[in-house]
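In what follows, a single structure is set out as structure tokens and then discussed.
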Amino acid sequence: MADPETIRVSRTIDWILVALFVATSVLFISLLLDLPPRATIFPWFVSVTMVLVALVYSAGNLRNPARWDDKPAEGGDDEETAAAAIGIAALKGRGREIFRMFAAVYILGGAIMLVGHLVAVPLFILAYVLYRRESWVLAAGGAAVFFLVIQFVFIEGMDIVFPEPMLLRWFGG
Amino acid sequence: MDEILFIAGAFVNGFYKVFTWPVFPMMMIGIVAGMIVGLIPGLGGLIAHILLIPFALQMDPLNAYVMLLGVYAVTTQTDSIPAVLLGVPGTAAALATSLDGYPMAKRGEAGRALCASYYASILGTFVATAIFILFLPGLRALVNNFSSPEFFMLVMLGLVMASSLSGKSAARGLLMGGLGLMISMIGQAPGTGDTRFAGPFLYLWEGMPLIPIVLGLFAVPEVVDLAIRNTTIASSQVGRKVSGLWVGFVDCARNWWLVVKCSVVGVVTGFIPGLGGAVAEWMSYAIAVASDKNPDSFGKGNVRGVIAPETGTASHKPGAIIPTVAFGIPGNNAMAVLLVVFVIIGLRPGPEMLDTQLDLTFTMVSVVIVGNIVAALLALVLQRWLVMLCFIRANLLVPFILAAMIVGATFARLSFGDIMVFLAAGTLGYVFKHADWPRVPLVMGLIMGRIAEPYLFSTVDRYNYEWLYTRPIVVVLIIFICMALAAPYYRRWRNKGAPGARIRGS
């Protein structure tokens, strides 16, 4: 059985997600009012069903919240990777690491938008590998491989036109 | 007779295509990628698919299909190498294999266990294909009687089944499926062309891109968790002796009935959306334990404990291909991701895949068979060296996978909007994964919404709302939907009434 803190967090997340789903459904329903009826049959059906299911789920949650507490799932949603890492309990005491990893993901996304794939991706690999205290050779080698793949396989080989970096757009080029 | 000749012809054509140029080399690329990724604990077929998506999107459709299916075919085969030799399952689907495989390796029967697992995989895919061919005429006859109302209801049934079977709460699955349907409605309405829910964003006029959403939902959580766990295995165990390869084959031949039973379980679980390979694996393991004269020997190195789960997982794969391509209903995570890529490349799931495109369906099934055989041969020859891959540190893998993911995500529309969608989906995917909200129904809703809405539109146009009670197949499908919705509640009610539950409760 999970500890009270884990249960509290998982229940809070549950309520936030349900509220988010209901809010999205209501927003969709309000946007439907301006559309011609022929374009709204399916959206009406889905949005109303969503609200109903959310109400049923919330009622069940209020009646017996313990039913959904941090227990292993029956289905095979995560069959591809280690199932042991699922659940709020698996993340306990790892908040800082999770934040750091997501920061890395967002920094990579932001950097690509600013300076483009060709510069941002190799730089990210170099910085990440060095930050994790691996060898310089691996960091530089990995960065070089990615630079070469993007330049010669994607851009020149496959003629892929990556979006123009924002810095270039702002300062001209 | 014509029907049998048609199916036989399509099978021969489909099988032959696997060995043509450049289809075979493409499949080999997929197989090697799948083998490598399957070996590294913490990764899985999903990551291999992600690494190959940027290339697949630029390829000829057939080459892309076989490359991605090559990955799909073999990841759960090579995952038995670390599971048996090191007791560390590369994927969750190898967990049951490690229960008996590792004790066998510890007493010097690693080769026997590995060989039994390879042969079980190969036999499992063969039996699954035979079952598919056997039922194909019936399936074709059924599908030929379908029109847009039936297809709409079938899509709804698939979504409801996947929603109520994945995860521990049917309502959560349904909400996630509904969210997927809602996201699929963003963009232009089919039939009328009106722009819906796009707001002021021009990017959304074409609808939400599938690839960044799927990559974000499934891959970001895996990579973040991989980085946090920083999986490494103590290299002191690497020198395990591998011998007894022939004995493994004899074991499989001796347990042929177990192989057939587990293959049937695999095919059925593959066919039912929402039941993943892990379900097939554990159900097969349970069958092996229940049918053994000495059930206490399981977990201590009984070879039947290796054969059963490997057969179940392997036969699950061809089973999952059929509903994916024929009805657009993916059977599991990997098929959901594959279906997204297939649809983008140009595959149109539907009855044509069992009719005019049947040879393509058979090519896909054949890739799984050939992939299993090739991977088994490669693994037998190279396993001493392949096992070294298990020791690659996550620190070195994470930045490369992350970079490949984000580059792959940008390929959807070659716009920065793709990156924003990817980041948002990744964050939500992480929350969903750890809060145990199933992600497969969401992706299924996303794909199936685009298939279902045009069906509903033409159905209402042609039949108004009478189709709901005048068409017998629709009525049967509605009954099935009601049963699928009621099943979890019935199961809970039955478990409450069970003697064990009463004892636990008291």
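Throughout, a chain's letter reflects where its sequence line sits, starting with A, and its residues are numbered from 1. Since the model is a prediction, treat every value here as computed from it, not as a measurement.
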Specify which of [options] makes the most heavy-atom pairs with chain A at under 4.5 Å.
options: A409(B), G193(B), G178(B), S184(B); value: G178(B)
options: M176(B), M185(B), M405(B), R413(B); value: M185(B)
options: I186(B), I419(B), L428(B); value: I419(B)
options: L174(B), D461(B), L179(B); value: L179(B)

Which portion of [X] sits near chain A, non-hydrogen atoms under 4.5 angstrom:
X: M182(B); result: both
X: L456(B); result: side chain
X: T427(B); result: both
X: M156(B); result: side chain
X: D418(B); result: neither
X: L423(B); result: both
X: Y455(B); result: neither

Identify the two heavy atoms, one from [X] and one from [Y], that lie closest to each other, and give their separation to 0.1 Å.
X: E97(A); Y: I228(B); value: OE1-O, 3.4 Å
X: Y57(A); Y: A171(B); value: CD1-CB, 3.5 Å
X: E453(B); Y: P43(A); value: OE2-CD, 3.9 Å
X: P163(A); Y: T410(B); value: CD-CG2, 3.9 Å
X: A227(B); Y: Y128(A); value: CB-OH, 3.8 Å
X: V129(A); Y: P399(B); value: CG2-CG, 3.8 Å

For the residue pair [X] and [Y], categorise the inter-ring angle as parallel (less than 30°), tilted (30 to 60°) or perpendicular (more than 60°).
X: F21(A); Y: F432(B); value: tilted
X: F146(A); Y: F400(B); value: tilted
X: F162(A); Y: F411(B); value: tilted

Using a cut-off of 6.0 Å, state whether more than 12 heavy atoms not belonging to R133(A) lie near its atom CZ.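 Count not over threshold, so no.
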Under 4.5 Å heavy-atom distance to chain B, tell me which part of [X] shows up: side chain, backbone, both or neither.
X: P122(A); result: neither
X: L17(A); result: side chain
X: Y131(A); result: neither
X: L35(A); result: side chain
X: F28(A); result: both

Quick check: under 4.5 Å, non-hydrogen atoms only, which of residues 104-114 of chain A neighbour chain B?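 So the qualifying residues are V105(A), Y106(A), L108(A), G109(A), I112(A), M113(A).
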Rounded to the nearest 0.5 Å, what separates atom CG in D194(B) from atom CG in D34(A)? 11.0 Å
Student check: side-chain heavy atoms of V460(B) and F42(A) closer than 4.5 Å: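 When only atoms from C-beta onward are counted, F42(A) and V460(B) do not touch, as no gap falls below 4.5 Å.
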Side chains of W437(B) and V18(A): closer than 4.5 Å at any heavy-atom pair?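 The answer is yes; the side chains approach within 4.5 Å.
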Let's test your reading of the structure: which of V121(A), V145(A), V46(A), L31(A) forms the most heavy-atom pairs below 4.5 Å with chain B? V46(A)
Go through the steps for V398(B) and M101(A) under the test side-chain contact (heavy atoms from CB on, under 4.5 Å), then give the verdict. CA-CA 10 Å; V398(B) 167; M101(A) 258 325 285; 3.8 Å; yes
CA sep, side-chain torsions, deciding dist, call: L181(B), M50(A), side-chain contact (heavy atoms from CB on, under 4.5 Å): CA-CA 10 Å; L181(B) 289 176; M50(A) 278 283 280; over 6 Å; no
side-chain contact (heavy atoms from CB on, under 4.5 Å) between L402(B) and F124(A), worked out: CA-CA 10 Å; L402(B) 204 54; F124(A) 172 78; 3.5 Å; yes
Dump the intermediate steps for side-chain contact (heavy atoms from CB on, under 4.5 Å) on F197(B) and T24(A), then the final yes or no. CA-CA 11 Å; F197(B) 318 120; T24(A) 314; over 6 Å; no
Given the side-chain rings of F154(A) and F55(B), with only the six-membered ring counted for Trp, is the space between their centroids under 6.0 Å?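 So the answer is yes for these two rings.
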